Amino acid sequence: MTNKLDFIQEELDTLKAEKRYINIRTMESPADGWMVVDGKRVLNFCTNNYLGLANHPVLKEAAKKAIDKWGVGPAAVRTIAGTQALHLELERRIAAFKGVEAAMFVQSGFCANQAAIPALVGQEDCIFSDRLNHASIIDGCRLSRAKILVYEHCDPADAERVIKENIGHYRRGLLVTDGVFSMDGDIAPLDKLYEVAEKYGVLTMVDDAHGEGVLGGGRGIVHHFGLQGRFDVEMGTLSKAFGVVGGSLAGKQIIIDYLRQKARPFLFSSAVTPADTAACLAAVDLLEKSTELVDKLWANAEYFKRGMKELGFDTGHTETPIVPVMLGEVGLAKEFSARLFDEGVFAMALGFPTVPRGQARIRVMNTAAHSKEDLDRGLEAFEKVGKALGVI
Ligand SMILES: *Cc1c(COP(=O)(O)O)cnc(C)c1O
C-alpha cells in the first residue's frame, strides 16, 4: 500500500530537483540596511523597508507606549469588540494622507485583497486583471468566484479589448492592477487604465503595496498620477515602506462603509495589535511631516541603478527603487545570490513561480537605510560575482 503522504515527498523532491526549493534564512537582527543573517553580518538588499522605518526609534517608542496604554492585543474582531480608538485614528490619518474620504485598516495587505475583491464582485461578475498581478490579488479574485479575464501586462488597449468583448455578459466588472509590479519595478499606466474602466462603467482597484512611501512624494501611485479620489478602491500595506504590518483599503465613504459590513477578514479575523497600530500612526506622521526619507530612497535608487547599468547588467524595465538583475536560468540566479552572500551582500534570487520560467533574477530593494558607501560596496560585489560567473 502506498503511504498517503507520498505525494508530499514527491513534490518536495521535484522542488529540489528543479532548484525551486526555498531555503529560508534566519534573521538575527532587526530589518535595516545591514543585518545579521544566518550568523553573518551582510548588506541587506532584500527587505521592503524602503524608508528604513522598520527599526526606526520613533516608531519603536510609539509601539512601546501603546502597549502600556492599550495592552498587547484587542482579543476580538473589529466588528465585535476589536475596534479601538487607535484603529479609527489610523484610518482617518490614512484617508487624509491618501486624499480620499475614508479608509479601513486590516491585518495585512494580503488580507486587504481578500477583504475587498470578494466583497465587490461575485459569481455573476467578471474581473479584468493584469497578467502579472500579485498572488494576493489573484487569490482574492479566485475567492470571489467571479470570472477572471486577464489582459496583457500594463496594456490599456488590451484591457479595453477584453472589457469590450466581455462586459455585456456579466452583471458588473472590476478592473484590478498592481500599481508598481514588485518583480520588475515597472509602473501600471493608471491614468489610461482608469479612462478605459470609466468608459465601460467598470469598478477600479489598485494595489499600491510598492507605491506607498515611494511614489507621489510617499503618498502613492494615485498621487503620482494625480488621480486622488478617482479609484474606487486603493489597497495598501503598512508592511513595506511603513515598516510595520497591516493593510489598508481607501476610497469613497460609501465603499468603505460597505466593506466594513462585508469584508470577511475584517469580520472574522482579530484586529491588529495596539503596538502595530500605533507604530503605523507614527509612520504616517513622519511621512506627512517630510519627504526627506522618500528623497533619500530615490537618490539611492538612481545611484545604484546607474552603477549597475555602467557595469553592464540588464536591469529590465524598472522605474522605481526595485532593481531586477535579469539572469535567465534559476540555477544561475541562485548561484549568483549565494556568491553575493559570501561577499557579504544579501540579495534574493527569484525564480518560477514567483517570476515566469526562464526569467530568473536577483532582485535588489533599494532603501533610505543605505549610505553611498553601502551602495558602492554592493556594486563592487555585483561586479566581482558578475565577472566570475560570466554575466558581465
Ligand atoms: C507584499 C504585497 C502584498 C501583501 O502585503 P502584506 O502586507 O505583506 O500582506 C499585496 N500586494 C502586493 C503587490 C505586494 O507586493
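No hydrogens, no waters, no symmetry mates; every other heavy atom, side chains included, goes into these values. Note that the structure is a prediction, hence the values are computed from the model and not measured. In listed order, ligands and their atoms are each counted from 1.
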**Prompt:** Relative to the heavy atoms of Ala209, which atoms of ligand 1 are at a distance of less than 4.0 Å?
**Reply:** 2 (C), 11 (N), 12 (C), 13 (C), 14 (C), 15 (O)
**Asked** Among protein heavy atoms, which sits nearest to atom 5 (O) of ligand 1, and what does the distance come to when rounded to 0.1 Å?
**Response** Gly109 CA, 3.3 Å
**Item:** Contacting atoms of ligand 1, where contact means under 4.0 angstrom from a heavy atom of Gly246
**Value:** 7 (O)
**Message:** Please list, in number order, the atoms of ligand 1 under 4.0 Å from a heavy atom of Asp178.
**Reply:** 13 (C)
**Prompt:** Which atoms of ligand 1 have any heavy atom of His210 under 4.0 Å away?
**Reply:** 15 (O)
**Asked** Between Glu310 and Arg306, is there a salt bridge with N-O shorter than 4.0 Å?
**Response** no
**Beyond-backbone contact of Asn133 with Phe181, side-chain heavy atoms, under 4.5 angstrom** = yes
**Message:** For Ala54 versus Asn49, what's the shortest heavy-atom pair and its separation?
**Reply:** N-OD1, 3.0 Å
**Request:** Distance to 0.1 Å, residue and atom name: give those for the protein heavy atom nearest to atom 9 (O) of ligand 1.
**Result:** Phe110 N, 2.8 Å
**Distance flag, aromatic centroids of Phe225 and Tyr194, threshold under 6.0 Å** = no
**Item:** No-hydrogen, no-angle side-chain donor-acceptor test under 3.5 Å, Asp257 and Gln261
**Value:** no
**Asked** Is it the side chain (CB and beyond), the backbone, both or neither of Ser136 that lies under 4.0 Å from ligand 1, heavy atoms counted?
**Response** side chain
**Request:** For atom 11 (N) of ligand 1, find the nearest protein heavy atom and state the residue, atom name and distance (0.1 Å precision).
**Result:** Asp207 OD2, 2.6 Å
**Min side-chain heavy-atom separation Asp32-Asn44 under 4.5 Å** = no
**Message:** Nearest non-hydrogen contact with atom 14 (C) of ligand 1 belongs to which option: Met183, Gln107, Lys240?
**Reply:** Lys240
**4.0 Å heavy-atom contact, Ala135 with ligand 1** = no
**Message:** As an exercise, state the distance from CG of Leu175 to CD1 of Ile163, rounded to the nearest 0.5 Å.
**Reply:** 5.5 Å
